[in-house]
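Written out below as structure tokens is the structure these notes cover.
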Protein chains: 2
Amino acid sequence: MWIAELSQRTEVPVATIKYYLREGLLEPGESVGATRSRYDESHIRRLRLIRALVESGGLSLARVRSVLAEVDEESHELHEVLGAVHGALIPNDLTATDESRRRVDALVAQYGWLVYSESQDRVLLAASLDALEKVGYHLDDDLLEAYASAAAQVADAEVSHLPSGDRQQTVEDTVVVTALGGPVLLALRRLAQQDASARRYGISPTTAACAVQAE
Amino acid sequence: MWIAELSQRTEVPVATIKYYLREGLLEPGESVGATRSRYDESHIRRLRLIRALVESGGLSLARVRSVLAEVDEESHELHEVLGAVHGALIPNDLTATDESRRRVDALVAQYGWLVYSESQDRVLLAASLDALEKVGYHLDDDLLEAYASAAAQVADAEVSHLPSGDRQQTVEDTVVVTALGGPVLLALRRLAQQDASARRYGISPTTAACAVQAE
DNA sequence: CAATATTGGAAAGTGATACTCTCCAAAAGT
DNA sequence: ACTTTTGGAGAGTATCACTTTCCAATATTG
């Protein structure tokens, strides 16, 4: 197909496709003569993946580029890809206090998680805890453990639902679940927060009517 | 204190503080003469809150402004504040297919969550599910339920840990937990994903060594 | 075969966001 | 008297993710 069809089928403007090509996010099509290139289904898939990561996953194009580089690294095992994708998704100027780092290490040890000791996700978590402390909010150990056990449940379910078919498919699914599962989990958490808040702080008659009407 | 001290204690440049004042994110200090204003602890708190929401929560200044407006609306009950904060945190151009909306409504009903039928978080979740479908990934019902029950656990723990003291403190904590708890949960989820992946896809001897060494 | 449309490619322009810098005159400190 | 700081306002800057404009080389269409 030509670029026009690629654009129509993905709903991405031609100018944007050209931009992604220039930026190396999308493989060039097969060159046919000097002014024409042919694109195929792989371009459609890739383009849809890029848009999903950007629009729903909220990734910058720079991060998308890093993630795609890992997806295309055929030599990597799945477990490596997951780590690499996590690495690509993480900010690179992370710092955390030793105290929070120790707290994270202790938690990882407590749950017996098999996580590289130099995993940047450890630092990311520690930095998030620091951010909370900085605004004067201390995350209690039992609340932290509630987060951790919920996270463990989610992660187990996610990983066990990954297909075991061909590598390309599994890797793409891994990326999609990692990047787009977050928003799903956060949206559900907020719905659940609204419920928890309604139950704790009580709901007025009109509120209750709305809620019941919704069911 | 003068603006210089406010800047030093919060590590926010004077120019940025002035910018926040112009943008109405920060209340003006008490004017002392034509060229001086006095700031107090409330300015320090507010400034730290703004930076935490921006830097760690990843909010835009526009969203921070909306959130702060709700924090300062003294007349609102806590439950209302939570809903309003969620509203302020949500993108405003959401669309979702009817199918996903129904799926979300069914899930909310199944869990018996007391959530306004017009809550934008419903649409946000539906839109997230649509995004997954669009890249050809269907979120199984049992995986969705795994997310939902994890979300319920987290939300219950979060809400039950909110202090019941003065309103200002509770409201701020609500905002902080809502905005900064997300990153904590996501970081833990990724650590747990690494563990789940290591267990499912097996780990090499060197990998295992790293993991054990970390504990 | 002529008129029109499309393409690849590159450069320049755009709009939003979040600052950051420069000035200034009025005060405050020394 | 002299240096420093402040409030206030406007202009400037950097980044990001496009979007527009241009071109000459084809393709397609009538």
Side-chain angles (χ1 to χ4, degrees), chain A residues 1-40 43 46-68 88-89 91-93 179, chain B residues 1-40 43 46-68 88-89 91-93 179:
Chain A
M1 80 192 79
W2 309 123
I3 199 172
E5 189 181 343
L6 181 60
S7 167
Q8 278 157 22
R9 288 185 51 193
T10 57
E11 295 180 333
V12 177
V14 170
T16 305
I17 297 176
K18 285 183 173 184
Y19 170 64
Y20 289 166
L21 287 167
R22 271 204 303 284
E23 294 291 305
L25 290 167
L26 195 62
E27 289 261 297
E30 183 201 353
S31 187
V32 179
T35 67
R36 234 131 236 257
S37 296
R38 209 186 304 273
Y39 303 91
D40 58 29
H43 291 95
R46 179 52 55 97
L47 214 35
R48 290 208 173 121
L49 181 58
I50 294 171
R51 298 303 288 189
L53 294 179
V54 168
E55 289 176 2
S56 308
L59 305 198
S60 66
L61 292 188
R63 278 182 209 300
V64 171
R65 200 193 337 267
S66 309
V67 169
L68 294 180
L89 291 175
N92 33 26
D93 54 346
Chain B
M1 78 191 80
W2 310 122
I3 199 172
E5 190 182 341
L6 181 61
S7 167
Q8 278 156 21
R9 287 184 51 193
T10 56
E11 296 182 328
V12 177
V14 170
T16 305
I17 297 177
K18 285 182 173 184
Y19 170 64
Y20 289 165
L21 286 167
R22 271 207 302 283
E23 293 292 302
L25 291 167
L26 195 63
E27 289 261 296
E30 182 202 352
S31 187
V32 179
T35 67
R36 233 129 236 259
S37 297
R38 211 187 302 272
Y39 303 91
D40 58 28
H43 292 94
R46 179 51 56 99
L47 215 34
R48 291 208 172 122
L49 181 58
I50 294 171
R51 298 303 287 190
L53 293 178
V54 168
E55 288 175 3
S56 308
L59 304 198
S60 67
L61 292 188
R63 279 187 206 300
V64 170
R65 200 193 336 268
S66 309
V67 169
L68 294 180
L89 292 176
N92 33 25
D93 54 347

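We name chains A, B, ... by the order of the sequence lines, and we start the count at 1 in each one. In this text, all values refer to a predicted model and were calculated from it rather than measured experimentally.
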C:dG8 OP1/OP2 closer than 4.0 Å to side-chain N/O of A:Tyr39 = yes

Check whether any side-chain nitrogen or oxygen of A:Ser37 sits under 4.0 Å from OP1 or OP2 of C:dG8, and answer yes or no.
-> yes

Contact class for A:Arg51 (heavy atom, under 4.0 Å): base, sugar-phosphate, or nothing?
-> sugar-phosphate

Between D:dG8 atom C1' and B:Leu21 atom CG, what is the distance in whole Å?
-> 10 Å

Which of these nucleotides, C:dT7, C:dG8, C:dA12, is closest to any side-chain atom of A:Arg22?
-> C:dA12

Given atom NZ of A:Lys18 and atom C1' of D:dC22, what is their separation to the nearest angstrom?
-> 10 Å

Please state how far atom CH2 in B:Trp2 lies from atom C1' in D:dG7, giving the value in whole angstrom units.
-> 12 Å

Considering all heavy atoms, the nearest A:Ile17-A:Leu26 contact | CG2-CD2, 3.8 Å

Is B:Tyr20 near enough to C:dC19 that one of its side-chain N or O atoms lies under 4.0 angstrom from OP1 or OP2?
-> yes

Measure from the side-chain heavy atoms of A:Arg36 and tell me the nearest of D:dC18, D:dA27, C:dT20.
-> D:dA27

Return the value, rounded to whole Å, for the distance between atom CD of A:Gln8 and atom P of C:dT6.
-> 10 Å

For B:Tyr20 and B:Arg51, test the side chains for any donor-to-acceptor distance below 3.5 angstrom and give the result as yes or no.
-> yes

A:Ile50 CD1 to D:dC16 P: how many Å, rounded?
-> 17 Å

Identify the heavy atoms of B:Thr10 and B:Arg48 that sit nearest to each other, and give their distance.
-> CG2-CG, 4.4 Å

Rounded to the nearest angstrom, tell me the gap between atom OH in A:Tyr19 and atom C1' in D:dT21.
-> 17 Å

From B:Ile3 atom CD1 to B:Lys18 atom NZ, the distance as rounded to the nearest 0.5 Å = 6.0 Å

Whole-Å distance, A:Ile17 CD1 to C:dT6 C1', equals 14 Å

Phosphate oxygens OP1/OP2 of D:dA17: is one of them under 4.0 Å from a side-chain N or O of A:Arg63?
-> no

Given C:dT20, C:dG8, D:dT19, the nucleotide with the shortest approach to the side chain of B:Thr16 = C:dT20

Whole-Å distance between D:dG8 P and B:Leu26 CG?
-> 12 Å

Please name the pair of heavy atoms, one in A:Leu21 and one in A:Glu27, separated by the smallest distance, quoted to 0.1 Å.
-> CD2-O, 3.4 Å

Could you tell me whether A:Ser60 contacts a base, only the sugar-phosphate backbone, or nothing, with contacts defined as non-hydrogen atoms closer than 4.0 Å?
-> sugar-phosphate

Approximate separation, where rounding is to 0.5 Å, of A:Leu53 CG and A:Arg63 CZ = 12.5 Å

Nucleotide nearest A:Thr35 (side chain, heavy atoms from C-beta), chosen from C:dA28, C:dC19, D:dT26 = D:dT26

Between C:dT7, D:dC18, C:dA18, which one does the side chain of A:Leu61 approach most closely?
-> D:dC18

Looking at C:dT7, C:dA18, D:dT6, which one has an atom nearest to any side-chain atom of B:Ala4?
-> D:dT6

5′-ward residue of the pair B:Val54/A:Ile3 relative to DNA chain C = A:Ile3

